[in-house]
Q: 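A single structure is presented below for examination.
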Protein chains: 2
Amino acid sequence: MIRVLLAEDQAMVRGALSALLNLESDIEVLASAADGEAAWREVQRLKPDVLVTDIEMPGLTGLELAQRIRRHELPVKVIIVTTFARPGFLRRALDAGVGGYLLKDAPAEGLADALRTVHRGGRAIDPQLALEAWSDADPLNDRERQVLRLAGEGHSASDIGSQLNLSHGTVRNYLSEAIGKLGAANRIEAYRLARQKGWL
Amino acid sequence: MIRVLLAEDQAMVRGALSALLNLESDIEVLASAADGEAAWREVQRLKPDVLVTDIEMPGLTGLELAQRIRRHELPVKVIIVTTFARPGFLRRALDAGVGGYLLKDAPAEGLADALRTVHRGGRAIDPQLALEAWSDADPLNDRERQVLRLAGEGHSASDIGSQLNLSHGTVRNYLSEAIGKLGAANRIEAYRLARQKGWL
DNA sequence: GTGCGGATGTGACAACCGTCACCCGGGGGT
DNA sequence: ACCCCCGGGTGACGGTTGTCACATCCGCAC
């Protein structure tokens, strides 16, 4: 019997996934959590064999959750199930030692199989995504990322400067760098590109 | 027995919802479709009692699907199940005569109940969303919407002008209007605001 | 200490953006 | 015929953005 904890913020999807997994005779969904912090508490309390988690959740993301489990050396395998086919996310997930990374686009039947594979100590990584993951790396450094994120939210250069204790000129330099590295025409396009790759 | 067709682009969620609904003894999921066009074909072929559909799907959106069903006067009730708590979406859905509008944030148990309610001819609208829906209306006109959408994708004023056969000056006038109406500081913020309200 | 590299600033320039006042032409009302 | 509104355009203004060359400072290797 594989003991599973489910973390997913959208209640309807959470309930549906739980129903799906409970159809399997060798899988038991112990509990489910609606956000990262709750999931962390349940992980410690229930010590499940496998945690199935979304990435985007309020509070603590699935990636941070995986990192935390690794840091505490808990014997809990992690499977990420997410909408986002962003190479950067997969990379970070692998760095955090997750056992599986599946897309919500993938067929539902695969989830139970992936769960069994990971429980046995194997890995279940979405194949087409695995290819892209090592193709192009994030060219941005920390400053460029911060600045680009704020710019994408509609802040002006001076605005960003005061938030980060930088001069507005420096902010524009970083933005210019980022735009150049991404081959974009302006900050808006750069933001969209970076976001789509999972780099922000 | 309520005969249901399910339309949802994310395979895993589709499978999970299907499993969830099939647990109910009075509900039968006839088939499921991965995009709007496929859903439309299945609606015609199977004549389900109720169509449960997402909004954001490749090809044809759930809203367009609902409109099409209404236009053809098919005896198929529609329930929208979506991530997006955007008042504008609910408004359009109601205009298209849908029977239900639920958020994926809502508890999964509610789905079957909503299905029964709608099948009986009732309505199942997410309550807190229903309030917001009539609160503030979209202040943008068509031109402003088009222009703002393109601007949000990173196009410059002249760029947009040539796409819409307008002068770049006029484009800037429209953008200025839109920014003003939305109380934003620049096009980026205006885009984000409009998008978040479901107005674009 | 010298030298190098990274992080941050500065100043200048051209292009672009946001705003405003105003112009034009074509429908509708009346 | 008259007026007025509406979609679209113009031109000018000041501010912002994107780019680049150059300056400064600090830490670290040698």
Side-chain angles (χ1 to χ4, degrees), chain A residues 86-88 91-92 95 136-200, chain B residues 88 91-92 95 136-200:
Chain A
R86 297 186 186 152
R91 188 95 51 104
R92 273 186 263 167
D95 288 346
D136 47 5
D138 181 354
L140 304 176
N141 63 34
D142 286 350
R143 277 310 201 192
E144 288 156 5
R145 237 191 312 281
Q146 288 176 62
V147 163
L148 190 53
R149 178 163 25 227
L150 291 171
E153 285 166 14
H155 299 287
S156 71
S158 341
D159 213 349
I160 297 171
S162 53
Q163 283 186 54
L164 300 182
N165 294 109
L166 291 177
S167 92
H168 71 113
T170 304
V171 170
R172 284 160 58 209
N173 286 151
Y174 285 131
L175 274 172
S176 184
E177 273 292 309
I179 292 168
K181 284 182 179 178
L182 297 175
N186 55 47
R187 52 178 70 190
I188 308 180
E189 208 184 325
Y191 177 76
R192 293 177 76 91
L193 282 171
R195 186 155 182 105
Q196 171 184 323
K197 290 281 195 176
W199 290 337
L200 57 304
Chain B
R91 187 98 48 107
R92 274 185 262 165
D95 289 346
D136 47 4
D138 182 352
L140 304 176
N141 63 32
D142 286 351
R143 279 308 202 193
E144 287 156 6
R145 236 191 312 281
Q146 288 176 61
V147 163
L148 190 53
R149 180 165 22 227
L150 291 171
E153 285 166 13
H155 298 288
S156 70
S158 342
D159 214 348
I160 297 171
S162 55
Q163 283 185 57
L164 299 183
N165 294 108
L166 291 176
S167 93
H168 71 111
T170 304
V171 170
R172 281 160 60 209
N173 285 151
Y174 284 129
L175 272 172
S176 185
E177 273 294 308
I179 292 168
K181 284 183 179 177
L182 297 175
N186 54 48
R187 52 177 70 190
I188 308 181
E189 207 183 327
Y191 177 77
R192 293 177 76 91
L193 281 171
R195 184 153 185 107
Q196 170 184 327
K197 289 283 194 175
W199 291 336
L200 33 329

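All heavy atoms count here, side chains included; hydrogens, waters and symmetry mates do not. Below, chain A is the first sequence line, B the second, and so on; all start at residue 1.
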Q: Under a 3.5 Å distance rule, please check whether A:Glu144 uses its side chain to pair with a backbone N or O of A:Asn141 as donor and acceptor.
A: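 Yes; at least one donor-acceptor contact below 3.5 Å.
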Q: Of A:His168 and A:Asn173, whose nearest nucleotide on DNA chain D comes first from the 5' end?
A: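 It is A:His168 whose nearest nucleotide is closer to the 5' end.
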Q: Send over the distance from B:Glu177 CD to D:dG9 P, rounded to a whole Å.
A: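 To the nearest whole Å, that distance equals 15 Å.
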Q: Check whether any side-chain N or O of B:Tyr174 sits under 4.0 Å from OP1 or OP2 of D:dG8, and answer yes or no.
A: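 B:Tyr174 to D:dG8 OP1/OP2: side-chain N or O found under 4.0 Å.
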Q: Quickly work out the A:Leu182 CG to D:dT19 C1' distance and round it to whole Å.
A: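 For the pair A:Leu182 CG and D:dT19 C1', the rounded distance is 16 Å.
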Q: Regarding A:Ser156, tell me which of base, sugar-phosphate or nothing describes its non-hydrogen contacts under 4.0 Å with the strands shown.
A: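 Counting heavy atoms under 4.0 Å across all strands, the contact made by A:Ser156 is with sugar-phosphate only.
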Q: Given atom CG of B:Leu175 and atom P of C:dT19, what is their separation to the nearest angstrom?
A: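 So the two atoms are 10 Å apart, to the nearest Å.
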Q: Which whole-number value in Å describes the distance from B:Asp142 CG to D:dC6 P?
A: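 After rounding, the reported distance stands at 15 Å.
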Q: I want to check one thing: is the phosphate of D:dT10, taken as OP1 and OP2, less than 4.0 Å away from some side-chain N or O of B:Ser167?
A: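 Looking at the OP1 and OP2 atoms of D:dT10, one of them is under 4.0 Å from a side-chain N or O of B:Ser167.
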Q: Salt bridge between B:Asp142 and B:Arg145, side-chain N to carboxylate O under 4.0 Å?
A: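 The answer is yes: the pair qualifies as a salt bridge.
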Q: Do side-chain atoms of B:Arg192 reach the backbone of A:Gly152 as a donor and acceptor pair under 3.5 angstrom?
A: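 Looks like yes, one N/O pair under 3.5 Å.
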Q: For B:Leu164 and B:Val171: C-alpha separation, side-chain torsions, deciding distance, then whether side chain to side chain contact (heavy atoms under 4.5 Å, CB included) applies.
A: CA-CA 9 Å; B:Leu164 299 183; B:Val171 170; 5.7 Å; no
Q: Rounded to the Å, how far apart are B:Tyr191 OH and C:dG18 P?
A: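 Rounded to whole Å, this separation is 15 Å.
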Q: Is there a donor-acceptor pair closer than 3.5 Å between any side-chain N or O of A:Arg86 and the backbone N or O of A:Trp199?
A: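 Side chain of A:Arg86 to backbone of A:Trp199, a donor-acceptor pair under 3.5 Å: no, none is there.
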Q: Rounded off to whole Å, could you give me the CG-to-P distance for the B:Asn186 and C:dC17 pair?
A: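 For the pair B:Asn186 CG and C:dC17 P, the rounded distance is 12 Å.
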Q: In whole Å, what is the span from the CG atom of A:Asn165 to the C1' atom of C:dG9?
A: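 That distance rounds to 14 Å.
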Q: Can you check whether A:Arg143 has a side-chain N or O nearer than 4.0 Å to OP1 or OP2 of C:dT8?
A: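 Answer is yes, contact under 4.0 Å.
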Q: Would you tell me if any nitrogen or oxygen in the side chain of B:Arg187 comes within less than 4.0 Å of OP1 or OP2 on C:dG18?
A: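 The answer is yes; a side-chain N or O of B:Arg187 sits under 4.0 Å from OP1 or OP2.
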Q: How long is the line joining NE2 of A:His155 and P of D:dT16, in whole Å?
A: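 To the nearest whole Å, that distance equals 15 Å.
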Q: Any side-chain N or O of A:Arg172 less than 4.0 Å from the OP1 or OP2 oxygen of D:dT19?
A: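 No, because none of the side-chain N or O atoms of A:Arg172 sits under 4.0 Å from OP1 or OP2 of D:dT19.
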